[in-house]
Amino acid sequence: MTRLVLSALGSGTREGGVLRWLLPLLPVLVLLLIFFLLPLGELLRMSLLATRPMPRTPDPDVTLANYVAVFADPLHAEMAVNSLLVGLATVIFTLLIAYPVAIYLTRCGSWERTFISVACLLPIFVNLIVGILGWYILLLPFGVLQQALQWAGLIDGPLRLLRSFPALVLVLTYEHLPFAVLILASAVQNVPQDRINAARLLGASNLRIFRTVMLPLTMPGIVASAILVFSLSVSSYLIPILIGAQRVPVIPMAIFSYGTEQMNWPMGAALAFVLLVSVALITYGFTVLAGRLTRRGQWEVT
Amino acid sequence: MKSAEEGAAPGVTAPDPILRLEGLAKSFQGQRVLHGLDIAIGRGEFVTLLGPSGCGKTTTLNLVAGLLAADEGSIRLRGAVVNDVPPQRRRLGMVFQSYALFPHMTVAENIAYGLEVQRMPSRDIAHRVGAMLDLVRLPGVERKFPSQLSGGMQQRVALARALVTEPDLLLLDEPLSNLDAALRREMQQEIKRIQTALGVATLLVTHSQEEALTMSDRIAVMRGGRIERLGTPLEVWRDPRTRFVCTFLGDATVLEAVSDGTAFVAGPLHLTPASSAPAADTRRTLAFRPEHVRLDPPADAPNAALGLVREASFRGAHVACLLDCEGLAIQAVLPADPGGRLPQPGTPHRFAIPPDAVMLLDD
């Protein structure tokens, strides 16, 4: 059946080979086109329309005014810096926690492995808002944590744990840790034990083995989880609005505000597009830098 | 290629061995894989642990390397018990079956790794790496990555990396099993040459009797977590003592025989071993190697009998023969006749087994 369709499709052209290669990808390509490229194009189109109070009556004129406005607003600059710092801090803390867990996962017994895997996956199954509200209650000025600390005599009076940069990074780290653990565990698992043993017999300390063998060989996993966590954190809206709120304004909050409260879709679209391109550039830069540092292009067999 | 009938046995009773294992035992999940292993390796000596998979040879090597912890017994390196010393501080060289080269480092960086750990000045490192590459005959590949090298070359790099720190004991874990036959033979000689040049004591683990016989000063044939026979290649080959060692080392015709006071009798065969005359009514297992069987021997040859040629196959340098001696199957390997004549299947031939060639075995 498939063969029949293939030959029918390929009969008209001499490009049968390309078609054969393209056909299995077709469902994915169609999905990408409909649910990713088309909305993206629409976003780009909208961002180039002149700002109007009502989104239903857009001015057909094409203009870069929105982008000028995006870069001119000092609030956007503050939000961009916040977003970047939140993203970086989340990536760093996620990796710092996930890497040791990943190493432990590959070394421990099967019972522990199951336990840790389930513990890591659980946050994914819990509804995002429920998870966030859990942290909310925990961190509230008269919440569980602060009451406990006060009762223990460790703090004197309520602290502002919520609505702070550390709280935002904490919850983002918690939320995105499972992805990093899963990616890093498979990266660590793929480093043959023989290579680690070889380094040990050559006298290398555990720290040196980590620095000179583990780190370079698991770099693809580190890069992948860093990219994932960074883009998820930077584009997250619910967690910043509920945990950091106006104390830690980030770009997605402005995009949401333009789209709903101010009904200024072209501005929102322009800001979203700038965020998208920035994340893509940072991601690309990070990948290139990591590849350069480990000279991956030279030794990796493709 | 079962010669290698040279090679003395230094360190057989070395007073100051580099490595001494005493009563070494190890279990995995309640399963005993080593039962009280004892062996000593002299300085500069090449010892091989030979055995089928699961005999405990690799476990022994990992215990010596410190990659596993022993349940019982002691491991003495240079006279000191090292059971609790981590691999980092055992000062050993090791070549892994997979070579375990660092793929993200150049050949020079791989070899330099052990020296970098010792914080040697970089000029000395470059010098030592160069000298090591000359020794393993791999000049000019310093800047290549392992993935750009062939299996044999990677093997040489692994050897250079293990030896650059000048360890006095080298551990080789089936280092040749990933190479093709021709390269394996070449690397056997290379490893032996380098080992002799450096005078480094070596513990080789292999399941290949050919490797063991050609490279070792002494061979420890292992079975089921025990050393069944320990000796020079020649001793082990000529007097394997047990049926397992005899047949593991090479082809042999094994017979159950009863002594009649002057010779061992198995069917029509009357075999007199070169050693002392057997007492009457002693039951023994006898064996002899196919290449020791003489076809059409002189009339006065001892241990002769008449057999029927069942099969004869030309193998180039020799002819493999299967003789039927009244129901006893006798394997024989004969030197190829220069005229190209093969023993014809179905023809009767006299054959004889020299008394020297008769091996007495215990089960």
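Remember, it's a predicted structure, so these values are computed and weren't measured experimentally. Note: hydrogens, waters and symmetry copies are ignored here, and every other heavy atom, side chains too, is used. Lettering of chains follows the sequences in order, A, B, ..., and the numbering in each one begins at 1.
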_Can you confirm whether Tyr237(A) is buried at OH, in the sense that more than 12 heavy atoms of other residues, nucleotides or ligands lie under 6.0 Å from that atom?_
yes
*Take atom OH of Tyr284(A) as the centre, draw a 6.0 Å sphere, and report whether it contains more than 12 heavy atoms from other residues, nucleotides or ligands.*
no
*Spell out the residues in residues 154-175 of chain B that have some non-hydrogen atom less than 4.5 Å away from a non-hydrogen atom of chain A, in order of number; otherwise answer 'none'.*
Arg161(B)
*Can you list every ring pair (Phe, Tyr, Trp, His ring centres under 6.0 Å) pair that touches residues 154-175 of chain B, not counting sequence neighbours?*
none
*Non-hydrogen atoms of Thr106(B) and Glu109(B) that approach each other most closely*: N-OE1, 2.9 Å
*Going by residue number, which parts of residues 86-101 of chain A are within reach of chain B, meaning a heavy-atom gap below 4.5 Å?*
none
*Should Val107(B) and Glu142(B) be marked as a side-chain contact (heavy atoms from CB on, under 4.5 Å) after you check the CA-CA gap, both sets of side-chain angles, and the distance that decides it?*
CA-CA 5 Å; Val107(B) 166; Glu142(B) 285 93 336; 5.6 Å; no
Heavy-atom donor-acceptor pair, [X] side chain to [Y] backbone, under 3.5 Å:
| X | Y | result |
| --- | --- | --- |
| Gln88(B) | Ala204(A) | yes |
| Arg20(B) | Leu77(B) | no |
| Gln195(B) | Val200(B) | yes |

*Who are the side chain to side chain donor-acceptor pair (under 3.5 Å) partners of Ser235(A), not counting sequence neighbours?*
none
*asked:* So Glu175(A) and Ser236(A), do their side chains get closer than 4.5 Å, heavy atoms only?
replied: no
*Examine whether an atom of Leu201(A) lies under 4.5 Å from a heavy atom of chain B, and if so say whether it belongs to the side chain, the backbone or both; otherwise answer neither.*
both
_Residue, of Leu67(B), Leu92(B), Leu101(B), that accumulates the most heavy atom pairs under 4.5 Å with chain A_ = Leu67(B)
*Relative to chain A, which segment of Glu116(B) carries a heavy atom at a distance below 4.5 Å: side chain, backbone, both, or neither?*
both
*Where does the angle between the aromatic ring planes of His176(A) and Phe179(A) fall among parallel (under 30°), tilted (30 to 60°) and perpendicular (over 60°)?*
tilted
